Protein chains: 2
Amino acid sequence: MSKDAATPLRRPMRADARRNLDKIVAAAGAVIAERGAEASLEEVARRAGVGSATLHRHFPSRQALLEAVFKDRVETLCAKADDLLADPEADPGQALATWLHAVAAHAVANRGLGSSLMRDADPALGETCHDMITTAGDALLARARAAGAVRPGVTVTRLLKLVGAIALATERDADGPAEAELLLRLAIDGVRTR
Amino acid sequence: MSKDAATPLRRPMRADARRNLDKIVAAAGAVIAERGAEASLEEVARRAGVGSATLHRHFPSRQALLEAVFKDRVETLCAKADDLLADPEADPGQALATWLHAVAAHAVANRGLGSSLMRDADPALGETCHDMITTAGDALLARARAAGAVRPGVTVTRLLKLVGAIALATERDADGPAEAELLLRLAIDGVRTR
DNA sequence: TTGTTAAACGGGGTGGTCCTCCATATCGTA
DNA sequence: TACGATATGGAGGACCACCCCGTTTAACAA
């Protein structure tokens with residue numbers, strides 16, 4: 001969940017408003033994951049336990065909601081990277097692998113969301129998110145590399161491209177997530193030093 | 001307009017059915033060009049002067065209608081290439097340029113149609129259309145090359161990529177068509193021998 | 001704690017969409 | 001011309017986005 005207000009420069013939101021906003025984003029994430037980016041907003045409001053008017057007040061357009069969901073997922077992913085990084089006991093290579101699986105799950109859950117967003121999203125959004133993910137991943141990769149757990153030539157960019165490609169390739173499949181999981185496992189084994 | 005039935009293996013369509021089908025495809029082309037691929041089917045039927053039930057009988061899904069529009073546009077483009085090729089008086093270089101402008105217009109008019117189709121279109125459709133356009137363009141290019149009107153190294157594939165890139169780059173722009181026209185003019189001048 | 005006020009809420013209405021049913025009109029043919 | 005097969009389109013059901021506005025609630029000051 002995002003921790004700062006949607007509009008950080010305004011006066012702070014009322015507590016109930018923020019609560020509802022978070023509930024809406026969470027519900028939208030779930031609904032979009034199972035119905036795709038064209039899901040009914042009414043259904044999102046219903047599942048969030050919120051009136052449809054409230055949803056429309058917080059997100060004046062479907063696009064706005066989609067962007068919020070996307071941003072939220074990216075933030076969750078970055079937070080996960082930080083968590084993994086903060087644990088000094090963890091095996092660096094395993095931590096990286098775990099995170100990549102999370103990224104893949106994110107990419108698969110987004111389904112058409114990415115391309116729907118790209119149709120006419122705020123161009124800065126994509127840029128920002130890309131940077132956030134790259135930076136978060138880089139830290140994990142650096143530690144894994146320092147521990148000698150990855151082959152030379154492996155970069156964050158390449159890892160992310162790999163994950164993205166797998167997600168894209170399995171997107172249209174009946175059981176995409178399972179197939180993606182399998183491919184990713186293979187790919188990660190290829191990345192590891194033996 | 002397409003000349004053969006949508007289902008060439010069935011018994012021939014009744015004349016009024018074919019007439020309505022053509023009206024629907026034409027109307028859909030216009031509506032999609034101005035409202036995008038998510039345009040209202042009701043509006044398409046209205047503009048075609050046809051009941052909505054008729055539209056739904058001919059095209060059981062939005063996807064089916066989109067595919068028909070796309071196919072129709074490609075066919076129009078190929079027919080245009082044939083026309084240009086058939087005129088022995090024409091300047092070969094100019095004919096090629098004219099056709100490329102038509103292709104660009106087609107690409108711009110399609111807007112999100114391409115990506116909407118690619119989401120889950122019959123994969124064979126894209127392949128077939130690509131081949132059709134490439135073949136049609138190749139003939140025009142060959143004649144232009146024989147007349148010494150194009151530089152060496154120019155291939156249909158490259159020309160089409162050029163046009164596609166220009167369309168894509170100007171798609172999001174406010175006045176995309178005008179900008180695309182300008183860029184294309186520059187690009188074509190670059191292709192010509194001086 | 002209590003009172004005041006601005007902010008947020010959500011039920012319900014409006015207008016639009018997709019899609020289907022079926023009585024009617026039209027085509028192709030004998 | 002007459003007939004059967006085929007195509008048509010208006011009406012209606014289910015659903016949806018979006019908005020109006022009376023009601024509730026959080027925030028803050030006394």
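Within every chain, numbering begins at 1; the chains are lettered A, B, ... in the order of the sequence lines, protein sequences first and strands thereafter. Please read all numbers here as calculations on a predicted model, not as lab measurements.
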Colleague: So, taking the atom named CG in B:L55 and the one named CZ in B:R57, what distance separates them when rounded to the nearest 0.5 Å?
Modeller: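 Here the interatomic distance stands at 10.0 Å.
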Colleague: Please output the side-chain donor-acceptor pairs of residues 96-104 of chain B that fall under 3.5 Å, not counting sequence neighbours, one pair per line with the distance.
Modeller:
unit_1	atom_1	unit_2	atom_2	d
B:T98	OG1	B:Q94	O	2.8
B:W99	NE1	B:L77	O	3.0
B:H101	ND1	B:A97	O	3.1
B:H101	NE2	B:E181	OE2	3.2

Colleague: Less than 4.5 Å apart, side chain to side chain, heavy atoms only: is that true for A:F59 and A:L66?
Modeller: no
Colleague: Who pairs with B:R14 by salt bridge (Lys or Arg N to Asp or Glu O under 4.0 Å), at least two apart in sequence or on another chain?
Modeller: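 Result, salt bridge (Lys or Arg N to Asp or Glu O under 4.0 Å) vs B:R14: B:D16.
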Colleague: Taking atom C1' of C:dG10 as reference, at what distance in whole Å does atom NZ of A:K23 sit?
Modeller: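 The distance from NZ of A:K23 to C1' of C:dG10 comes to 12 Å, rounded to the nearest Å.
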Colleague: OP1 or OP2 of C:dT17 less than 4.0 angstrom from a side-chain nitrogen or oxygen of B:R46, does that happen here?
Modeller: yes
Colleague: How long is the line joining CG of A:L21 and C1' of C:dA7, in whole Å?
Modeller: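 A:L21 atom CG is separated from C:dA7 atom C1' by 15 Å.
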Colleague: With a 4.5 Å cut-off on side-chain heavy atoms, are A:T128 and A:V74 touching?
Modeller: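 Result no, sub-4.5 Å side-chain heavy-atom pair not found.
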Colleague: Does A:P12 offer a backbone N or O that forms a donor-acceptor pair with the side chain of A:R18 under 3.5 Å?
Modeller: no
Colleague: Using the test side chain to side chain contact (heavy atoms under 4.5 Å, CB included), find all partners of A:A79 that sit at least two apart in sequence or belong to another chain.
Modeller: none
Colleague: Would you list the atom pairs, donor with acceptor, under 3.5 Å between side chains in residues 155-162 of chain A and any protein atom, with sequence neighbours excluded?
Modeller:
unit_1	atom_1	unit_2	atom_2	d
A:T155	OG1	A:R158	N	3.1
A:R158	NH1	A:G153	O	2.5

Colleague: Based on Watson-Crick and G-U pairs with both distances under 3.5 Å, what dot-bracket line describes DNA chain C 5' to 3', crossing pairs as [ ] and inter-strand pairs as |?
Modeller: ||||||||||||||||||||||||||||||
Colleague: Output one letter per nucleotide in nucleotides 23-30 of chain C: B when a protein non-hydrogen atom lies under 4.0 Å from the base, S when only the sugar-phosphate is that close, - when neither is.
Modeller: ---BSS--
Colleague: Going by the salt bridge (charged side-chain N to carboxylate O under 4.0 Å, His left out) test, which pairs reach into residues 84-99 of chain A, not counting sequence neighbours?
Modeller: none
Colleague: Show, in sequence, the C-alpha distance, side-chain angles and deciding distance for B:E38 and A:E38, and conclude whether the side chain to side chain contact (heavy atoms under 4.5 Å, CB included) test is met.
Modeller: CA-CA 11 Å; B:E38 322 250 274; A:E38 321 251 277; 4.1 Å; yes
Colleague: Atom CG of A:L65 to atom C1' of D:dC18: distance rounded to whole Å?
Modeller: 14 Å
Colleague: In whole Å, what is the span from the CG atom of B:L41 to the C1' atom of C:dT20?
Modeller: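 Roughly 15 Å, once rounded to whole Å.
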Colleague: Partners of A:D131 by side chain to side chain contact (heavy atoms under 4.5 Å, CB included), sequence neighbours excluded?
Modeller: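 Scan of A:D131 (side chain to side chain contact (heavy atoms under 4.5 Å, CB included), adjacent residues dropped) gives A:E127.
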Colleague: I'd like to check the side chain to side chain contact (heavy atoms under 4.5 Å, CB included) partners of A:A105; sequence neighbours left out, ordered by chain and number.
Modeller: none
Colleague: Atom CD of A:E43 to atom C1' of D:dC15: distance rounded to whole Å?
Modeller: 12 Å
Colleague: What's the CZ-P distance between A:R47 and D:dC16, to the nearest Å?
Modeller: 13 Å
Colleague: Using heavy atoms and a sub-4.0 Å distance, could you list which residues of residues 53-62 of chain B are near DNA chain D? By number, please.
Modeller: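 Those residues are B:A53, B:T54, B:R57, B:H58.
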Colleague: Show the distances under 3.5 angstrom between N or O atoms of the protein and N or O atoms of nucleotides 13-15 of chain C.
Modeller:
none

Colleague: OP1 or OP2 of C:dC9 less than 4.0 angstrom from a side-chain nitrogen or oxygen of A:N20, does that happen here?
Modeller: yes
Colleague: Kindly compute the distance separating OG (B:S61) from NE2 (B:H56), expressed to the nearest 0.5 Å.
Modeller: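 Answer for the OG-NE2 pair, B:S61 versus B:H56, is 10.5 Å.
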Colleague: Return all side-chain donor-acceptor pairs below 3.5 angstrom for residues 39-46 of chain A, not counting sequence neighbours, or 'none' if the list is empty.
Modeller:
unit_1	atom_1	unit_2	atom_2	d
A:S40	OG	A:E42	N	3.1
A:S40	OG	A:E43	N	3.1
A:E43	OE2	A:R47	NH2	2.9

Colleague: Once you round it to whole Å, what is the distance between P of D:dC15 and CZ of A:R35?
Modeller: 12 Å
